[in-house]
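Here's the structure, in structure tokens; my notes come after.
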Amino acid sequence: MLFSKMFIPTLREAPADAEAISHILMLRAGYVRQLAAGLYMYLPLGWRVINKINAILKEEMDAINGQEISLPILHPAEIWQQTGRWDAIRDEMFRLKDRTGRDMCLGMTHEEIMTWLASREIRSYRDMPQVWYQIQTKLRDEARPKSGILRTREFLMKDSYSFDTSEEALDKNYQLHAEAYHKIFKRCGLTFMMVESDPGMMGGGVSHEFMAPSPAGEDEVALCDKCGYSANVELALSTPSQIETKSWEKEEIHTPEKRTVKEVSNFLKLTPEYFIKSILVISDNGPVLALVRGDQELHEKNLSKVIGNHRPAQKIEVKEILGVEAGFIGPIGHQLRIVADTCLREGAYVCGANKPHYHIRGIKAEEDFAAEWHNIHIARARDFCVKCGNALKVERVIEIGNIFKLGTKYSSALKALYLDENGQEKPIIMGSYGIGPARIAAAAIEQNHDKDGIIWPKSIAPFDVEILPLNMKDTVTIEAAEKLYRELSKKGLDVLMDDRDERAGVKFKDADLIGIPLQIIIGEKNLKEGLVEIKNRKTKEIVKRPLEEARFSV
RNA sequence: CGGGGCGUAGCGCAGUCCGGUAGCGCACACGGUUCGGGACCGUGGGGUCGAAGGUUCAAAUCCUUUCGCCCCGACCA
């Protein structure tokens, strides 16, 4: 491909509204342009990258007997109504009506449609297993699109679905997908890990996420180097640091105007670990007091597992229910349901006295209050692994893929049933598995760049090699460049040649920005000795090779 | 949806407080000189100042409304 014939609008300066590195570099290097919030267009270079990634996805999906199909993105509402998601999902679904007034929506994902197809076509246990996949556009009216192509309202997703007759068979397809995903991300040159995740509203039991470490990520995972425990902090468990039990006599202390843990701990010259943080929430069954240690944050999702739906109490509610403002509430002196973090079972603490401007020192669990004990704190770095006791790390990550065991949630709702060996009618057992190609591209840039631009992993670079003939007015240079271009193309390589009549500096800058892994620089002086330079974009190493042999070095 | 910021030429910005001929750099076009890390000189084209309404002799600037984009948070099937 000739640079002069390709649309590569590079930018010297990044548009002001780009923040994430991958976003800035993709704009500057001419890979993408933004149409509106969360809507991006892929320009020739960007689309080549996506297609390279898609090719890898297809190879690895085919290798586990996945079959590529293509489903509509415009869906009739009825199918989503049958699984209950039409109502369960609120503003995030794009909805519309067709000309006859029929409710429709744009697909956020394709469990419903895939299952609908299976319900029509799979009748016997003999028809399974099946793994169907597509690389298809999804639409979600995101509350907050952000970070360039990392979180958009319209995006491509490789989504596959497995249909099986037993949990064991599902396990096998799940495992095959996990292995395929490892291969895919490895081939794409990413640093990544597989972690336990919260299935959320996908339903079903087990799920894992594939995470690429990057400061640009939106998720955090807790990791144990020793035993390999790794989980999204949304569900990670941890053992907090132990603290020495103080031998306090129980007493009320006057703490005027000291409301937060920070204020009271400063006032009493105690570290926050010696406090109980009391949080009043309103559940569907009335108010509940949640307790965590002063240095911890309440884990909403874990609390939900214990008490179901809940929301924080408003200030007025706190006063109505406990008779005192939020800064001075505690677990004693009332009959509220109490759910406390397990670590509070041991030790003596300071907590609110349920009396204005007073706290109590020397509170002990069981002696002074009764509670239901659960792990309801958010795991933090330097907490300890619940499995092996080693110190945990917490890392910021980009979610690049996920796998879910769906079970029969969708097949039951949509009557995707089959007859087993005994003529019994049973729901198909399903799994669903997603990967975002654009996120792979963005994560690759986040993990591989320098001050000059992108450094693509070879496997997903838009081209394998870029030839830079420095002086386009020199016929010897041009001839050498064209010869090399033909030779490399003949080898089956994707070659970009910067044939523009630009100064050398411009070509160097653009080449580094665009990030093709190898550059072959053809300069007049070297060429007089029959030499060209081969430059590694990542290491910046340059080796000189005879023109005649250059093709063997690529 | 809550909090914050920003909309002036393709991009980056100044001008807005304190109303008075719309500017700078880059990019673009033409001419010349240059030519291995985003060249230099000269000339030139390009803007309903996000939009609507209002105040005023006069609005990029003041007031009201509205739209868009970004960031933090909530949310994230």
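First the proteins, then the strands, lettered A, B, ... as listed; each starts at 1. From a predicted model like this one, the values you see are computed outputs, not experimental measurements.
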Distance-only donor-acceptor test, [X] side-chain atoms vs [N] base atoms, 3.5 Å:
| X | N | answer |
| --- | --- | --- |
| A:R12 | B:G10 | no |
| A:D512 | B:G37 | yes |
| A:K535 | B:G37 | yes |
| A:D452 | B:G37 | no |
| A:N526 | B:G36 | yes |
| A:E533 | B:G36 | yes |

Salt bridge [X]-[Y], side-chain N to carboxylate O under 4.0 Å:
| X | Y | result |
| --- | --- | --- |
| A:D171 | A:K405 | yes |
| A:R95 | A:D141 | no |
| A:K535 | A:E466 | no |

Give the rounded distance in Å between these two atoms: [atom1] of [X] and [atom2] of [N].
| X | N | atom1 | atom2 | value |
| --- | --- | --- | --- | --- |
| A:F508 | B:A39 | CZ | C1' | 15 Å |
| A:R144 | B:G3 | CZ | P | 15 Å |
| A:R28 | B:G10 | CZ | P | 20 Å |
| A:D219 | B:A74 | CG | C1' | 15 Å |
| A:E502 | B:A39 | CD | P | 9 Å |
| A:D17 | B:G12 | CG | P | 7 Å |

Could you work out the separation of [N] and [M] based on their [atom1] atoms and round it to a whole Å?
| N | M | atom1 | answer |
| --- | --- | --- | --- |
| B:G25 | B:G20 | C1' | 27 Å |
| B:G44 | B:C26 | P | 16 Å |
| B:G7 | B:U61 | P | 13 Å |

Scan [X] against the nucleic acid and name what it touches under 4.0 Å (heavy atoms): base, sugar-phosphate only, or nothing.
| X | answer |
| --- | --- |
| A:K146 | sugar-phosphate |
| A:S147 | sugar-phosphate |
| A:E142 | nothing |
| A:A18 | nothing |

Q. Hey, is CG on A:N536 packed in by over 12 heavy atoms from elsewhere, all under 6.0 Å?
A.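 It does: A:N536 CG has more than 12 such atoms within range.
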(Q) Taking the ring centre of each residue, are A:Y40 and A:H23 less than 6.0 Å apart? (A)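 Yes, the ring centres sit under 6.0 Å apart.
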Q: Considering just the side-chain nitrogens and oxygens of A:K507, establish if one lies under 4.0 Å of OP1 or OP2 belonging to B:C35.
A: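 Result: no.
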Q) Taking only side-chain nitrogens and oxygens of A:R503, does any of them come within less than 4.0 Å of OP1 or OP2 of B:U34? A)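 So the side-chain polar atoms of A:R503 never come under 4.0 Å of the phosphate oxygens OP1 or OP2 of B:U34.
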Q. Taking the side chain of A:A143 as its heavy atoms from C-beta onward, which of B:C13, B:G36, B:C75 lies nearest to it?
A.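 Per side-chain heavy atoms of A:A143, the pick is B:C75.
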(Q) Side chains of A:H377 and A:S238: any donor to acceptor distance under 3.5 Å? (A)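 Judged by distance alone, the side chains do pair up.
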